[in-house]
Number of protein chains: 2
Amino acid sequence: MDKPLYVAIRERLEQAIVSGEWPPGRRLPSEKELAAEYGCARMTVSKAVTALADAGLVTRRRRAGTVVAEPRPRESLLQIHDIPTEVRAAGRAYGFEVLDRAERKATAADAGRIGLKPGQPVLALTVLHRADGTPFALEERLISLRAVPDARAEAFDAEPPGSWLQARLPWTDAEHHILALNADARVAARLEVDPGAACLCDDRRSWHGGTVVTHVRLTYPGDRRLVARFHAPGSRGKT
Amino acid sequence: MDKPLYVAIRERLEQAIVSGEWPPGRRLPSEKELAAEYGCARMTVSKAVTALADAGLVTRRRRAGTVVAEPRPRESLLQIHDIPTEVRAAGRAYGFEVLDRAERKATAADAGRIGLKPGQPVLALTVLHRADGTPFALEERLISLRAVPDARAEAFDAEPPGSWLQARLPWTDAEHHILALNADARVAARLEVDPGAACLCDDRRSWHGGTVVTHVRLTYPGDRRLVARFHAPGSRGKT
DNA sequence: CAGTGGTCTAGACCACGAA
DNA sequence: TCGTGGTCTAGACCACTGG
């Protein structure tokens, strides 16, 4: 695996948190205990736990120790952005259907969207996400089959492509372009909104290491909110 | 100031970079040199420079050293989001006008927006930003006068309030809520778009340390894009 | 090859704040 | 009070890569 020890420690802790094994409020072992557990210096675990705190997964206070943070509000977090998780977190039933699927060589238009050279094999998918049966988001995705050859054989019947991809090839970098559009007839029909209604588009490109993996355009009804939080580098931040 | 040494070092380097004193491509002193310069251990400067690299201000390569990064593309970066900078970076002439200004006790509606208790003194501003004379964004801002008493005496004739605030009380945390709206008559008139046109709203709340400083709603014509980039914690990332 | 950043160690002192 | 995290040291070895 070859990854730095502090990354491995961070991932193990992260896994315990996101899987729910350690629920919000659960206290983590102290740095000293973690150092003993992993047989390393305290600074190494400190680096791992500090990264979790920067990511907002845990809260650290002197004497009180490090505890798993309450999950942030119900809105879509731009950083995470797994639609099934988002819908279920709002207490709604999640469903999806693959409306269209095509495997092809990237056209010039595709190439511009995904950031690959024309001619590279891609998988194009259109997916509708639903919450309590109501259209929630329309997803138009391109997957680089060079980066993810397994996608060719995947039916995407158990999991939508975003979640499937995240499990196999988690992104290391993502770029979102966000814009507002008036719904055209096609989008209005899919999302069951009035033609001309303002919709929010999130064009997202994801990399794994230096490789472009996927491009997705998510179109939401306009009253949906995207939420992004930023923490100025090096500052201690708010409570 | 009592701030940690690695923060002080990061800020000094950051200052040299954002001020343009060290232009893109300029090589920074090596960690060893910086450690000698500041009279501290190499790990301390390493922490500072690593933070700059995480923020994308510099790129680091073994043997080649650390160099000031090329500034990222021309679109609004959600993390930075200074409108004059954004407009000028696109090679357009920037202008703004304060359309409305009122000092008042926070109403219940204000309180919800800015995250303060009702009755706290706030300054409410409406500002129109222009690029080459064309409306670029409509800004509706609340400033906490408890956090920024100087704002009461400021005319905002040289600088728009966003830039002015950033210079006095830089945010340490920011939360953006992004949504799409159909322009109502008032917004359409201000932005000179058709009524009903899709507009992009960025509702932003900013903190300095634990204190709410300001809330701003920026409304853009829908074809404007907001761009956000994320780097997964602990990963090495793309080129 | 040699210099750079990347990681890690085994200590240390201190400030904070819950008990 | 006293355990916790926050910071810092003065070394170390290694991987990578430009010259």
Side-chain angles (χ1 to χ4, degrees), chain A residues 1-13 25-69 172 209-210 231-239, chain B residues 1-13 25-69 172 209-210 231-239:
Chain A
M1 287 303 265
D2 192 25
K3 64 185 66 165
L5 180 56
Y6 76 92
V7 172
I9 295 174
R10 184 184 55 69
E11 286 176 350
R12 284 200 38 155
L13 298 173
R26 156 81 184 238
R27 182 170 164 180
L28 272 67
S30 75
E31 292 191 353
K32 198 199 286 191
E33 290 165 343
L34 285 171
E37 179 180 340
Y38 286 96
C40 67
R42 203 192 113 204
M43 260 214 86
T44 303
V45 300
S46 179
K47 205 168 172 177
V49 181
T50 299
L52 291 178
D54 287 345
L57 285 177
V58 300
T59 311
R60 320 192 76 191
R61 264 170 306 172
R62 292 170 150 108
R63 172 74 193 198
T66 301
V67 298
V68 177
T172 56
H231 184 62
S235 64
R236 276 189 219 80
K238 72 192 182 78
T239 322
Chain B
M1 285 304 266
D2 189 27
K3 63 184 66 167
L5 179 55
Y6 77 92
V7 172
I9 295 174
R10 184 184 55 69
E11 284 177 351
R12 284 197 42 156
L13 298 173
R26 156 82 184 239
R27 181 170 163 179
L28 273 67
S30 75
E31 293 191 352
K32 198 199 284 190
E33 290 165 342
L34 285 171
E37 179 181 340
Y38 287 96
C40 66
R42 205 192 109 203
M43 260 214 84
T44 303
V45 300
S46 179
K47 204 167 173 179
V49 181
T50 299
L52 290 178
D54 288 345
L57 285 176
V58 300
T59 47
R60 320 193 73 191
R61 264 171 306 170
R62 293 170 151 107
R63 172 73 193 196
T66 302
V67 298
V68 177
T172 56
H231 184 64
S235 63
R236 276 189 219 78
K238 71 190 182 80
T239 324

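Lettering follows sequence order; numbering is per chain, from 1.
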B:Leu5 side chain: which of D:dC8, C:dA10, D:dG6 is closest?
D:dC8

Starting from C1' on C:dC8, measure out to OH on A:Tyr38 and report it in whole angstrom.
17 Å

With a 3.5 Å cut-off and just heavy-atom distances, do the side chain of B:Arg63 and the base of C:dA2 make a donor-acceptor pair?
yes

Nearest whole Å is fine: how far is D:dT9 C1' from A:Met43 CE?
10 Å

What integer distance in Å separates B:Leu34:CG from D:dT9:P?
13 Å

Is any side-chain heavy atom of B:Met43 less than 4.5 Å from a side-chain heavy atom of B:Tyr6?
no

Tell me the stems DNA chain C sits in, counting at least three consecutive Watson-Crick or G-U wobble pairs, each under 3.5 Å on both distances.
C:1-18 with D:1-18

Which sits closer to the 5' end of DNA chain D, A:Arg27 or A:Ser46, going by the nucleotide each is nearest to?
A:Arg27

If you define the side chain from C-beta out and look only at heavy atoms, does anything of A:Lys47 sit under 4.5 Å from A:Arg10?
no

Taking every heavy atom of A:Ser46 against every heavy atom of A:Glu31, the minimum-distance pair comes out as OG-OE2, 3.4 Å

Measure the distance from CD on A:Glu31 to C1' on C:dG11 and round it to the nearest whole Å.
15 Å

When you measure from the side-chain N and O atoms of B:Thr66 to the phosphate of C:dT4, is any distance below 4.0 Å, counting only OP1 and OP2?
no

Ignoring the backbone of A:Arg60, work out which of C:dG5, C:dA10, D:dG6 is nearest its side chain.
D:dG6

Closer than 4.0 Å, any side-chain N/O of A:Tyr6 to the OP1 or OP2 of C:dC8?
no

B:Arg42 atom CZ is separated from D:dA12 atom P, nearest whole Å, by 13 Å

Taking all atoms of both residues into account, what is the closest heavy-atom pair of A:Cys40 and A:Ile9, and its distance?
SG-CD1, 4.1 Å

Can you tell me the distance, in whole Å, between the NZ atom of B:Lys3 and the P atom of D:dC8?
13 Å

Criterion side-chain contact (heavy atoms from CB on, under 4.5 Å) against A:Arg60, the qualifying member of A:Thr50, A:Leu52, A:Leu28, A:Val67:
A:Thr50

Work out which heavy atom in B:Arg42 is nearest to a heavy atom in B:Lys32; give both atom names and the distance.
CG-N, 4.3 Å

For B:Cys40 and for A:Lys32, locate the closest nucleotide of DNA chain D by heavy-atom distance; then report the residue assigned to the nucleotide nearer the 5' terminus.
A:Lys32

Between A:Gly39 and A:Arg61, which residue's closest nucleotide on DNA chain C lies nearer the 5′ terminus?
A:Gly39

So which one's nearest nucleotide on DNA chain C is more toward 5', A:Lys47 or A:Arg62?
A:Lys47

Any side-chain heavy-atom pair of B:Leu57 and B:Val68 under 4.5 Å
no

